[in-house]
Amino acid sequence: KDYGSIQDGTLHTLAEKYSTLADAQKKYPFATSLDDSIDWAAIQLAINSRPHKAFFITNGESVINKKLIMTKPVHIIGDFENSVIYYTSDITDAAISYEPNTVSSRNAMVSRLHLLPYNNQSANTASAFRTVSTKDRGLNHLIINKCDFRALGGGYAINLVNNDANLNNNGTALVLI
């Protein structure tokens with residue numbers, strides 16, 4: 001909540017808090033619309049602000065309508081029973097996507113978190129969690145610990161995309177605990 005999330009299980013958009021996109025972008029420079037979810041913007045700001053560090057998603061039910069993108073290793077840690085991120089059907093590929101932007105992106109972790117379709121939307125075809133590795137950006141040490149990831153309507157709970165990459169780049173690529 002330090003970054004402005006509401007976490008009450010309802011979709012709240014930036015338009016509820018800001019009158020213009022320029023105003024919203026003062027706090028959330030990556031926002032592209034006043035229709036972006038406040039919870040999405042707050043979590044994305046935490047991800048962007050804490051590369052190579054951990055941050056906690058407090059007790060509550062966040063609702064996101066855009067993909068959360070991790071380009072650097074970060075540890076997202078929830079309080080398993082009480083930390084939920086719901087993703088809406090506006091998201092078409094993945095609710096959380098780990099897309100390393102360096103050759104040696106190491107030790108990203110998602111832990112103790114529920115990642116679920118919002119209102120059990122069966123039209124939602126997105127994956128809950130997706131990671132992409134490429135030849136020059138291999139995946140190295142992604143840890144998913146005590147998580148509940150769910151997808152409906154043809155999406156995957158976890159989708160590992162290998163674009164001609166070495167998934168075991170001098171270490172363990174994916175650890176599910």
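Numbers here simply count residues along the sequence, with the first being 1.
- Val110 has its side chain out of reach of Asn145: every pair of non-hydrogen atoms, C-beta onward, lies at least 4.5 Å apart.
- Under the ring pair (Phe, Tyr, Trp, His ring centres under 6.0 Å) criterion, Phe55 pairs with no residue, sequence neighbours left out.
- Among residues two or more places apart in sequence or in another chain, the ring pair (Phe, Tyr, Trp, His ring centres under 6.0 Å) test is passed with His75 by none.
- A heavy-atom distance below 4.5 Å is found between the side chains of Gln44 and Ile69.
- Legend: residues meeting side chain to side chain donor-acceptor pair (under 3.5 Å) with Thr13, ordered by chain and number and at least two apart, are absent.
- Annotation: salt bridge (charged side-chain N to carboxylate O under 4.0 Å, His left out) contacts of Asp8 (sequence neighbours excluded): none.
- Listed by first and then second residue, the ring-ring contact (aromatic ring centres under 6.0 Å, His included) pairs that reach into residues 15-34 are Phe30-Trp40, sequence neighbours excluded.
- Here Asn65 pairs with nothing under the side chain to side chain donor-acceptor pair (under 3.5 Å) rule; sequence neighbours left out.
- Contact between Ala151 and Ala128 at its shortest, heavy atoms only, is CB-N, 4.3 Å.
- In this structure Asp148 satisfies the side chain to side chain contact (heavy atoms under 4.5 Å, CB included) test together with Phe80, His114, Leu116, Arg150, sequence neighbours excluded.
- A search for side chain to side chain donor-acceptor pair (under 3.5 Å) contacts involving Thr20 returns Asp23, not counting sequence neighbours.
- For the residue pair Ser5 and Ala42, the shortest heavy atom distance occurs at N-CB, 3.3 Å.
- Counting heavy atoms from C-beta outward, Ser49 and Tyr3 have side chains that approach closer than 4.5 Å.
- Summarising the geometry of Pro73 relative to Tyr98, their closest heavy-atom pair is CG-OH, 3.8 Å, with the distance given to 0.1 Å.
- The side-chain heavy atoms of Val63 and Thr10, taken from C-beta on, include no pair separated by under 4.5 Å.
- Residue pairs that meet the salt bridge (charged side-chain N to carboxylate O under 4.0 Å, His left out) test with at least one member in residues 50-71, sequence neighbours left out, are Asp36-Lys66, Lys67-Asp93, Lys67-Glu99.
- Minimum interatomic distance between Met70 and Ala108 (heavy atoms only, all atoms of both residues): CE-CB, 4.0 Å.
- Nearest heavy atom pair, residue Ser33 against residue Leu14, reads O-CD1, 3.7 Å.
- Each of Asp39, Thr58, Asn82 was evaluated against Gln7; a single residue qualifies, Thr58, per the side chain to side chain donor-acceptor pair (under 3.5 Å) test.
- With sequence neighbours excluded, the residues that form a ring pair (Phe, Tyr, Trp, His ring centres under 6.0 Å) with Phe149 are Phe129.
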